[in-house]
Q: 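I'd like to ask some things about the structure below.
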There are 4 protein chains.
Amino acid sequence: VDEVRAHLWQDFLRVRGQTDALCALLSPEDQQPQSFADASPTKWHRAHTSWFFETFLLLPAGDAPAHPAYQHLFNSYYDGVGSRHPRPQRGLLTRPGHDEVSAYRAHVDAGIERHLRTCTDAQLTALAPLVRLGLAHEEQHQELIVTDALHLLSHNPLRPALQPLLQPETPSAPAKAPADAAWIEHPGGLVVVGRDLPAFDLVFDNEGPAHKVWLEPFALAGALVTVAALRAFLDAGGYRDPSLWLAAGFDQVQRLGLSAPLYHRRREDDGALLAFTVQGERVLHDDEPLVHLSFFEADALARFLGARLPTEAEWEVVARAFVSDAERARAGVTVVGGALSLLLPPVGGPGFFGVAWQWTQSSYGPYPGFAPAAGVVGEYNGKFMVGQQVLRGSSSYSPRGHGRSTYRNFWPPATRFQAAGLRLCRQL
Amino acid sequence: VDEVRAHLWQDFLRVRGQTDALCALLSPEDQQPQSFADASPTKWHRAHTSWFFETFLLLPAGDAPAHPAYQHLFNSYYDGVGSRHPRPQRGLLTRPGHDEVSAYRAHVDAGIERHLRTCTDAQLTALAPLVRLGLAHEEQHQELIVTDALHLLSHNPLRPALQPLLQPETPSAPAKAPADAAWIEHPGGLVVVGRDLPAFDLVFDNEGPAHKVWLEPFALAGALVTVAALRAFLDAGGYRDPSLWLAAGFDQVQRLGLSAPLYHRRREDDGALLAFTVQGERVLHDDEPLVHLSFFEADALARFLGARLPTEAEWEVVARAFVSDAERARAGVTVVGGALSLLLPPVGGPGFFGVAWQWTQSSYGPYPGFAPAAGVVGEYNGKFMVGQQVLRGSSSYSPRGHGRSTYRNFWPPATRFQAAGLRLCRQL
Amino acid sequence: VDEVRAHLWQDFLRVRGQTDALCALLSPEDQQPQSFADASPTKWHRAHTSWFFETFLLLPAGDAPAHPAYQHLFNSYYDGVGSRHPRPQRGLLTRPGHDEVSAYRAHVDAGIERHLRTCTDAQLTALAPLVRLGLAHEEQHQELIVTDALHLLSHNPLRPALQPLLQPETPSAPAKAPADAAWIEHPGGLVVVGRDLPAFDLVFDNEGPAHKVWLEPFALAGALVTVAALRAFLDAGGYRDPSLWLAAGFDQVQRLGLSAPLYHRRREDDGALLAFTVQGERVLHDDEPLVHLSFFEADALARFLGARLPTEAEWEVVARAFVSDAERARAGVTVVGGALSLLLPPVGGPGFFGVAWQWTQSSYGPYPGFAPAAGVVGEYNGKFMVGQQVLRGSSSYSPRGHGRSTYRNFWPPATRFQAAGLRLCRQL
Amino acid sequence: VDEVRAHLWQDFLRVRGQTDALCALLSPEDQQPQSFADASPTKWHRAHTSWFFETFLLLPAGDAPAHPAYQHLFNSYYDGVGSRHPRPQRGLLTRPGHDEVSAYRAHVDAGIERHLRTCTDAQLTALAPLVRLGLAHEEQHQELIVTDALHLLSHNPLRPALQPLLQPETPSAPAKAPADAAWIEHPGGLVVVGRDLPAFDLVFDNEGPAHKVWLEPFALAGALVTVAALRAFLDAGGYRDPSLWLAAGFDQVQRLGLSAPLYHRRREDDGALLAFTVQGERVLHDDEPLVHLSFFEADALARFLGARLPTEAEWEVVARAFVSDAERARAGVTVVGGALSLLLPPVGGPGFFGVAWQWTQSSYGPYPGFAPAAGVVGEYNGKFMVGQQVLRGSSSYSPRGHGRSTYRNFWPPATRFQAAGLRLCRQL
């Protein structure tokens, strides 16, 4: 049991430290605004992830609140724990300041350390899953910190890089797509999807129960769709051809006057494709995977390419069979020595994890027999089960080791600011 | 073959005549405005249903257009046939007037009659499915004419009835729910859902292909949820309790300040539940089925009642097994002698058809192997397959005989003006 | 006194009859919608002008209301007489229908006739000014019926004419601007502006009290600005040059993407200037006066032409001195034999009345010593005295004889759908 | 001439230093967001006031720009000097950061110092008015820094004070309004208003030319309207009585659901009037002058009190006659020793300057013969001359010494966040 305590504390330190290291890339000013209503300031992310531990662990254990107003200010969407500050006004909370939020984080860290050290073994059994949930929750916010900051910086005509010195590790493979980029065939039939709640490991409630799904034979692409496909789509006038789009998608295109994915543009003089990235704006190469697609764009590209999006069940059974644990564990971002360290997978590699979330044609809903977790944490996933599409895998902004083959990410189909791409599927 | 011609023409006359009889309940002024962007004026419905036959049958056969501008004015959403008038401005089209639209309908009727009479047998084979599609399309608009007119009239403080003399036929059964209102159990397993395109009958493309689905054991309620449940929900403060709602649903409740379903209100003096109906505003009885629920309201009521919404597959396999063709054919509305004739099913009866569309928890998407029909008619269903929920059955405003156990109706989850209700489901 | 009764009744019949004749140009469908929130349906104008007589004359005299709901439905903005139907929803009131509104008008006419015939001489003294106010009010709505209908029809791709057969009477003067189009100089000094309430004639309360104003020497143009000036403005890129505009005006230009006044466009092939008018769309000639300008456009054109807009005092002292009563009485529209009869003034004539309302640089406010009329009719003018600009003169849609040199029309500066033009002014 | 250089440089140092001292009350985070589209971040104010000197003095003199992007980022509304960053997105400019903006200020200060020291006497003649304009401009922004920060902080549930230690100097007079609070009568007649451009002192272009205005006899209140009047207005249901309001004002009240001026609320338990101020939220006393009124509220209060707002000419002739230069010079805010030093005038004193801007019934327009200054600085005032109301005097947030009897402040009538109050006027 002491090993469990030690292990939990070690994980706690690691994940919390990654948040701090990541946020150190951003100035107090960078951490203040929110660039649209569904984004949050970095400072708020830092406070909210601490609020989560305080609310679901420290307060129930009898600790006094760090500040009487923080319960209200840093609640995201939990109706069961009281009122909350209006989401679109998070960027106006200049107080508490950057340093006060750092103090709040330290206060919460100390509380968790104390509880982990002093609780009984029985208490530990109840505590541990909540700590793990809190860490998984904080890892999700680490990704949001990147995507929200990228969105904020993209509004600045100075086109600042989130981190000017960032260098992705050199791809270890040639630019040509290797043989394993070919289609991966699956015979279909009755398969099991999802995972029941394990005793010791964290799985979000929406990943279960494990259940049977009937699949027709299909094939899944062995690599993600790349910039070359976008170039062909643009050259073919894809953004002006309604026959390639779902009606709601083409509505968005026309209403917003879209002619490329978010952050992407064509340079006027030479037609090169540029994207605004964590490294600032840069020229894209044809064999890079596409990111920052909306579901509508992913769906239109798939149709343009004569294929379709996979269902989440199709994606999962293939990912489970073809991706090694080692590959999965290697994917994702860490901060090392004050710099983002992106371990990009080999160009042309399968890219199930650590490159781009992959839109599916499955809308986000409950699995058969799903019941939300008891208590307030039951608000974590279940109440969002309408009007969103499932994404699978993980992205290059996801924390290293955060991916799972049963993991269900979800966003509304119009969402453009997430690191989402596309893997093709077709019927056999 | 001559029998096919005769039969088609008879059907054509019947359906077109029903539209005319229905619209005769409304004055030229009633037929002019649209009360919100997604509604259409009655006059426009009358013209658009004629445009459908002209565009997909008469013009391809070489007929001259009735008017050069009608192709633009009365196109609903078909990108493949050219431009269209902005949807929110349909209510501003005072020209052509009521009588000119009647003349347009007569012109199209004459064209169809001529083609059905003079075409070769080979041509007839191609023509017949399009005529049947056009008639099914017109029947869908007959229901919209009622729901759009009800919405329009609801804005008038005079609270006019769509038809003051309307009398529903006397329910043939006692007010007590009969035994068949109990739960209908299903053992689950691998079932077949949907229907392949038949040779002779009309099935919309989105109803196929027939395909296998795995179901866990479940039970479906033998009757629709009634006004009594709404009363209990209101008494329990349901509209103020976020734990009963999906997050997007509670957002809508708060943003619009909702405290009851559309058209419903509680009378201040005695607390009676009133609803604005085609008969004007009237007191509701506890054993009437609920209608005009949004998906969010249906979902919240199901949760309040300790159950859930069925999936569309669950609904379909039970409806196929338990509803006789005769019952289905009897359901729905006709216009007889200048009055709507609602043949309501027995109170407390199963109510799969002819009472209220039933929201499912299934989002509207393509069945495995779905491909839209070739050509422009392929825009009919496929391009709306995102962000909507499937409804099954049919309503009391659906034309008599329009229901099918494989029929997939779909609306966004926030939709409140459709005649939609709720049938409970639970896991076994 | 009997002469007063007869004269009033004659005026009543004439003005009410003009409304009926004007509306007969529009079908029941044309009379139903409103094309934007600040417009009203023709049918509503017809009912509201009757409501005015009923509310301020018949009901106070003890008559029973024609219908219990009409007080609510047809109140425009009088808080003092009770609730009112939301303005943007006037177009949804399909009931009462066209014929019921005609019956309402006849009912009110009969009531007024009876009261005028039977009241005592003392009552007549109180009644007469209210009848005259009601008629002046109805004349204002006659102009709005034209401008609102023009706006509605402009949304129809069929580009229907309000009256296809409309023929303006032939201009009685040559197309060349005559000598009196030169600048009219005024030496300035202390002048009297406005008019005190006369005993027998109608003057709106906002036209008084008469008061002194000091003017510096100035010159007012002897003719209105014409299409030729707009052509020069467009050729010079006027809609893209912020230095010509007030900031709020250029904001509107950019927000709405304006490149010409409302209803105006340049034909692509030959660059001809076209305008949508009561006669449908037609080519404009260089020597026609400009109409349908916003204040912002009038101001920008004046700046472009090296001049400025006059103040309302400058306009008034010149109009009073230079326009004969005969000229003024001749100006404006009537309906004769089922057709609008526009007696247009000589092209190049002074055009103070009957051509286009003339924007001034004066914002609409109270004259020194102004007090609203007592009672509810005091809401007629005073409560709108902020955020609007004064227009002077009258337009070709104003009823014949409606103009006065002290008359103060007013609209927000962004208003584009009124028949407003521009007369230049400059300092001497 | 050397004295002119020295004096200018001294003024420059003083005004720029006041900005720095004022902003030192706010953290880098406080200086980042904008709480509504028409507010600006403190950081942006600091940069923009420096941009003004750089753009209109340093660049024309041949200096290189401090940064190529600053011309775009910190331009407020000058179309004549190129593009500008969208106003509602100023709060998203996290780069340049707080310290970089401080460096920009120092860079501009050094440039001005160098030019003042090295320019010829002839150049100085051209330079001096621009420096004075830049300083007057910076003083205007000092007031905006306070009002914008107050608005930002008011959104924070912590209700932080702009400066917790702020202590207004003790009022030097008793709480009872002295005799000079009585009405100040003026006989009217032909008066001169405004001021021609002087040779040596700064007067904004919109304050001239001096011109004659005819006034009827009137009386102006000798003190500002106080909290006691607001209490009476609230008690009388003033926010629910349309007869007290201009129509556009009552529209705003209903649309926003207003029941008190901005920042004001009634405490539920004891009905005390509270206001959010630079000192945080505090209880108001009956004899304090009202601030943070919109024009609509000021106008309604005047009507409620049986009076009216003055015209700007009425205000000016009285202020000129009754306010000593010493009194005027004493009014306004400075920052001393890291704290705002508000020298509030005696309670019940005349309060023409240094307490609250005073709404007039005059809309903001050009004086007769007005012509904007030549060049880009001509955009300073003229292009806003529509849709706004003039305010006179100065407020407790105005920099000390900034007031003038001819000074014309202007805001749209719906503006609620400015330190604006009300002085009554009535006809004699």
Side-chain angles (χ1 to χ4, degrees), chain A residues 77-80 87 188-193 209 211-218 241-251 295-296 299 303 308-309 311 313-314 360-372 376 378-379 381-389 412-414 427-428, chain B residues 77-80 87 188-193 209 211-218 241-251 295-296 299 303 308-309 311 313-314 360-372 376 378-379 381-389 412-414 427-428:
Chain A
Y77 54 70
Y78 293 84
D79 294 302
R87 170 149 209 173
L190 207 56
V191 301
V192 173
V193 165
H211 62 284
K212 296 202 192 78
V213 171
W214 177 267
L215 298 180
E216 299 297 322
F218 69 96
D241 181 357
S243 76
L244 294 171
W245 297 77
L246 288 167
F250 201 66
D251 275 359
F295 168 80
F296 295 131
D299 169 83
R303 190 169 294 112
R308 61 168 174 86
L309 301 182
T311 65
E314 289 168 335
T360 72
Q361 70 166 240
S362 302
S363 77
Y364 178 53
Y367 283 164
F370 167 77
V376 178
E379 295 189 50
N381 283 308
K383 73 181 185 182
F384 302 110
M385 288 179 167
V386 71
Q388 316 217 37
Q389 294 297 117
Q427 223 65 30
L428 283 183
Chain B
Y77 54 70
Y78 294 85
D79 294 302
R87 172 152 205 170
L190 207 56
V191 300
V192 173
V193 165
H211 62 285
K212 296 201 191 79
V213 171
W214 177 266
L215 297 179
E216 299 297 322
F218 68 96
D241 181 355
S243 76
L244 294 172
W245 297 77
L246 288 167
F250 201 66
D251 275 358
F295 168 81
F296 294 131
D299 170 83
R303 191 170 293 112
R308 61 167 173 87
L309 302 182
T311 65
E314 289 168 336
T360 73
Q361 71 167 239
S362 302
S363 77
Y364 177 53
Y367 283 164
F370 167 77
V376 178
E379 294 189 51
N381 282 310
K383 72 180 184 182
F384 301 111
M385 288 178 167
V386 71
Q388 317 216 37
Q389 294 298 117
Q427 222 64 29
L428 283 183

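Quick note on labels: first sequence line is chain A, next is B, and so on, each numbered from 1.
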Q: Compare all side-chain heavy atoms of A/Leu246 with those of B/Phe384 and state whether any distance is below 4.5 angstrom.
A: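 No, every pair of side-chain atoms sits at 4.5 Å or beyond.
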Q: What part of A/Gln389 is in contact with chain B, defined as an atom under 4.5 angstrom from a non-hydrogen atom: side chain, backbone, both or neither?
A: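 A/Gln389 touches chain B through side-chain heavy atoms alone.
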Q: Return the CH2 to CG distance between B/Trp214 and A/Leu190, rounded to the nearest 0.5 Å.
A: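 The CH2 atom of B/Trp214 sits 5.5 Å away from the CG atom of A/Leu190.
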Q: Mind listing the closest non-hydrogen atom pair of B/Lys212 and A/Glu216 along with its distance?
A: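 Result for this residue pair: N-OE2, 4.4 Å.
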Q: Once rounded to the nearest 0.5 Å, what's the spacing between atom CZ of B/Phe370 and atom CD of A/Gln361?
A: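 That separation rounds to 11.0 Å.
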Q: Using heavy-atom distances under 4.5 Å, tell me whether B/Phe295 contacts chain A through its side chain, its backbone, both, or neither.
A: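 Side chain of B/Phe295 only, per the 4.5 Å heavy-atom cut-off to chain A.
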Q: Answer with side chain, backbone, both or neither: which region of A/Pro412 has an atom nearer than 4.5 Å to a non-hydrogen atom of chain B?
A: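 For A/Pro412, there is no contact with chain B at all, as no heavy atom is under 4.5 Å.
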Q: Considering only heavy atoms, which portion of B/Pro366 lies under 4.5 Å from any heavy atom of chain A: side chain, backbone, both, or neither?
A: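 Answer is both: backbone and side chain atoms of B/Pro366 are under 4.5 Å from chain A.
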Q: Give, as side chain, backbone, both or neither, the part of A/Phe296 having an atom under 4.5 angstrom from any heavy atom of chain B.
A: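 The side chain, not the backbone.
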Q: Please classify the contact of A/Tyr364 with chain B as side chain, backbone, both or neither, using a heavy-atom distance under 4.5 Å.
A: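 Neither the backbone nor the side chain of A/Tyr364 comes within 4.5 Å of chain B.
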